[in-house]
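Report on the following structure.
First the proteins, then the strands, lettered A, B, ... as listed; each starts at 1.
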Amino acid sequence: MDVVVCVKPVPLSEQEITVREDGMDIKREDLKYEINEWDNYALEEALLLKEKYGGKVTVVTVSSEQRNPEFMIRECYAKGVDEAIMVLDDVLDELDAFAVSRVLYHVVKDLKFDLIFTGVQAFDDNYASTGATLASLLGVPHASIITKIEVSPGEGVARVNRELEGGLEEEVEVKLPALFTIQTGINQPRYASLLKIRMAMKKEIKKIGLEDLGLNRETILGWRRTFIRRMYIPKVKKETLYIKGAPEQMASKLVELLRDKGVLRR
Amino acid sequence: MTEIMVVAEHREGEIREISLEMLTKAKEIADEINAKVSSVILGHGIDHLVEELASYGQDRVYYLRNEKLENYTIDGYKSALTSFLEDRKPVLTMIGHTAMGLDFAPALAVSLDTPLVTDCIDLKFTNGQLQVTRQVYGGKINVELNVQKHGSYIATIRPTVFKPPEKTGLKGEIEEVTLKIEGEFRTKFKGFIKPEIEDIDISQADVIVSVGRGIGEKENIKIAEELAKVIGGVLAASRPVVDNGWLPKTRQVGQSGKTVKPKLYLALGISGATQHLMGMKDSELIVAVNKDPNAPIFDIADIGIVADLFEVVPVFIEQLRK
Ligand SMILES: Cc1cc2nc3c(=O)[nH]c(=O)nc-3n(C[C@H](O)[C@H](O)[C@H](O)COP(=O)(O)OP(=O)(O)OC[C@H]3O[C@@H](n4cnc5c(N)ncnc54)[C@H](O)[C@@H]3O)c2cc1C
Ligand SMILES: Nc1ncnc2c1ncn2[C@@H]1O[C@H](COP(=O)(O)O)[C@@H](O)[C@H]1O
């Protein structure tokens with residue numbers, strides 16, 4: 001089972017995120033990046049398949065320098081990834097979903113794979129379309145929001161569960177090679193030990209420039225189909241009553257408010 | 001005449017709410033650009049659903065009927081919708097940003113070579129160009145986008161943003177479209193898997209204490225458990241808590257979990273991502289404790305406490321005991 005996993009470095013979710021003065025991007029200076037939560041589950045699923053069936057796990061990332069993708073890649077290596085391919089160019093932060101999918105397509109089309117995994121969505125841009133777009137460009141079947149995978153290499157198919165709404169799932173049989181977008185909770189991702197991360201420092205990361213893919217900035221910028229007008233912090237729709245003060249004061253005020261509203265039994 | 005096409009979604013004999021929500025927005029846009037609104041529904045043996053859909057007041061409902069469309073499959077939907085939309089050429093095709101929609105919309109956009117924008121919370125046309133609003137960074141930021149000028153667009157629409165229209169009583173026209181779907185599917189539907197029997201039904205509770213990733217580790221769940229006991233409520237959670245195995249799936253609130261409407265929903269260390277909000281935003285009273293003042297949960301909270309939950313909750317429990 002050769003598995004390609006697409007991984008994206010995204011800002012850590014608990015950070016304060018603010019908009020740049022010109023409203024065209026977020027302020028990125030002090031942000032820390034890590035592997036997208038969904039991709040971390042996708043990576044684990046690939047490693048589990050490798051442990052079961054053998055084969056190779058390759059991670060692919062398309063990133064700007066400022067997202068510090070090397071750190072993410074080192075962690076991937078420390079967990080057992082065989083090869084990492086990194087397309088690095090600052091222009092990549094200016095792309096939209098479709099353009100990024102096409103860049104990924106140019107990387108992945110020449111790789112050998114039985115499966116490709118992406119996350120269901122990236123925490124930052126939230127498109128939830130890269131996986132299905134990539135599969136369609138490659139001409140391989142796909143299934144989205146996967147919570148369980150059983151491959152039958154002999155039959156050339158995988159049986160997967162797709163998560164629907166409200167706790168319902170459906171089982172789908174998919175011909176291989178195929179692409180799956182992986183949902184959180186499908187497994188329990190392993191941690192990379194510091195020692196292993198340090199050992200992974202020596203491993204080579206295959207760095208690819210756009211020109212190595214036969215592309216240039218102008219071409220890929222031309223693939224964009226959406227253009228940012230402005231970014232802003234959404235207006236609050238509901239009037240929220242904020243309770244302030246020391247913990248004791250906040251707690252007693254809350255008790256009082258809840259009593260007034262009649263939601264406490266006594 | 002210009003047409004806006006809404007792809008209706010149905011499952012297990014019911015039209016899904018998103019199909020109707022999209023009609024509301026479609027009509028609004030149609031009024032502005034002088035277009036008509038149609039729905040398209042795919043399936044087999046669903047005449048009653050087609051009739052029902054037609055009573056929501058659109059110009060026309062297209063029924064793509066084929067045995068191979070009995071259950072949703074990506075290959076079936078892609079093949080049927082590609083040829084149908086190529087023929088109709090609507091200026092805008094609206095698809096739900098749902099488990100089903102996000103599976104086939106990108107494939108359709110590639111096969112039709114049409115610009116796609118996903119998870120839109122608002123959209124409008126300005127001089128023939130589509131402009132949309134979406135949310136990024138877990139709902140912390142909104143972004144407005146211009147979509148490249150094109151003869152037609154595909155947009156997926158976030159559920160629960162628009163209100164479904166009333167039934168009009170007037171029946172829209174129904175047009176059955178027969179089509180050939182050839183070739184073998186590469187993806188086959190095998191069956192639904194129902195949620196497991198539950199230890200408890202959180203949707204019946206009047207008071208819910210819900211914990212998110214901010215609870216930090218499994219050990220800490222017991223703080224919330226104690227609060228639930230003292231306040232007379234049940235314990236629930238956001239997805240990461242369940243993903244980590246700290247609480248069973250039956251406790252998950254949100255799009256892929258339970259929808260709840262308790263008298264009191266106490267959110268502890270939950271950021272308020274849309275998929276969570278979908279499951280609890282209609283609660284009567286929402287109290288949020290979060291140390292990030294910009295957490296989107298505060299947008300829908302009635303009472304907000306910006307603080308470390310570990311500082312507030314223990315004192316709160318103490319005071320409730322008194
Ligand atoms: C298809 C799909 C379906 C999904 N379905 C669901 C669903 O049904 N339900 C669901 O919940 N999610 C669902 N999600 C996931 C959703 O997108 C979010 O990832 C998730 O809701 C985030 O959970 P959270 O708020 O607990 O975690 P985070 O977003 O990580 O937020 C944690 C919060 O805790 C706060 N915090 C940290 N420490 C403290 C402290 N000591 N005191 C106070 N506050 C603190 C932080 O400020 C932060 O706001 C789904 C996603 C997808 C793609
Ligand atoms: N720049 C990128 N590099 C590598 N993978 C990506 C990139 N952008 C998106 N992906 C993959 O596509 C998934 C869905 O992202 P999105 O469609 O942007 O929400 C992510 O979870 C990744 O697996």
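Among A:Glu170, A:Glu165, A:His142, the residue with the largest count of heavy-atom pairs under 4.5 Å with chain B is A:Glu165. Note: A:Leu168 leads A:Leu168, A:Thr133, A:Val263, A:Val140 in heavy-atom pairs under 4.5 Å with chain B. Among B:Gln255, B:Lys78, B:Lys249, B:Lys291, the residue with the largest count of heavy-atom pairs under 4.5 Å with chain A is B:Gln255.
Counting non-hydrogen atoms of neighbouring residues, nucleotides and ligands closer than 6.0 angstrom, the CD atom of B:Glu184 reaches no more than 12 such neighbours. By the neighbour-count criterion of 12 heavy atoms within 6.0 Å, atom NZ of B:Lys218 is sparsely surrounded, having that number or fewer from other residues, nucleotides or ligands.
At a 4.5 Å heavy-atom cutoff, A:Asp96 makes no contact with chain B through either its backbone or its side chain. For B:Ile317, no part lies near chain A; criterion is any non-hydrogen pair under 4.5 Å. If you measure heavy-atom distances from B:Val147 to chain A, the contacts under 4.5 Å come from both the backbone and the side chain. Interface remark: B:Ser256 contributes backbone and side-chain atoms alike to the contact with chain A (heavy atom separation under 4.5 Å). For B:His150, no part lies near chain A; criterion is any non-hydrogen pair under 4.5 Å. If you measure heavy-atom distances from B:Ala301 to chain A, the contacts under 4.5 Å come from both the backbone and the side chain. Contacts between B:Asn71 and chain A at a heavy-atom distance below 4.5 Å are absent for every atom of the residue. Looking at A:Ile26, the atoms closer than 4.5 Å to chain B (heavy atoms on both sides) all sit in the side chain, from C-beta outward. Using a 4.5 Å cut-off between heavy atoms, B:Gln252 makes no contact with chain A at all. Only the backbone of B:Thr114 comes within contact range of chain A, with heavy atoms under 4.5 Å apart. For B:Glu318, no part sits under 4.5 Å from any heavy atom of chain A, backbone or side chain. If you measure heavy-atom distances from B:Val287 to chain A, the contacts under 4.5 Å come from the side chain alone.
Rounding to the nearest 0.5 angstrom, the gap separating the CZ atom in A:Arg229 from the OG1 atom in B:Thr126 is 6.5 Å. A distance of 11.5 Å separates CZ in A:Arg162 from CD1 in B:Ile193, rounded to the nearest 0.5 Å. Between A:Thr240 atom OG1 and B:Asp299 atom CG the span is 7.0 Å, to the nearest 0.5 Å. Atom NZ of A:Lys238 sits about 10.0 Å away from atom NZ of B:Lys281, to the nearest 0.5 Å. Here CG of A:Leu258 is found 5.5 Å from CD1 of B:Ile303. Values are rounded to the nearest 0.5 Å.
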Salt bridge (Lys or Arg N to Asp or Glu O under 4.0 Å) between B:Lys190 and A:Glu150: does it pass, once the steps are laid out? CA-CA 14 Å; B:Lys190 289 290 174 182; A:Glu150 262 172 35; over 6 Å; no
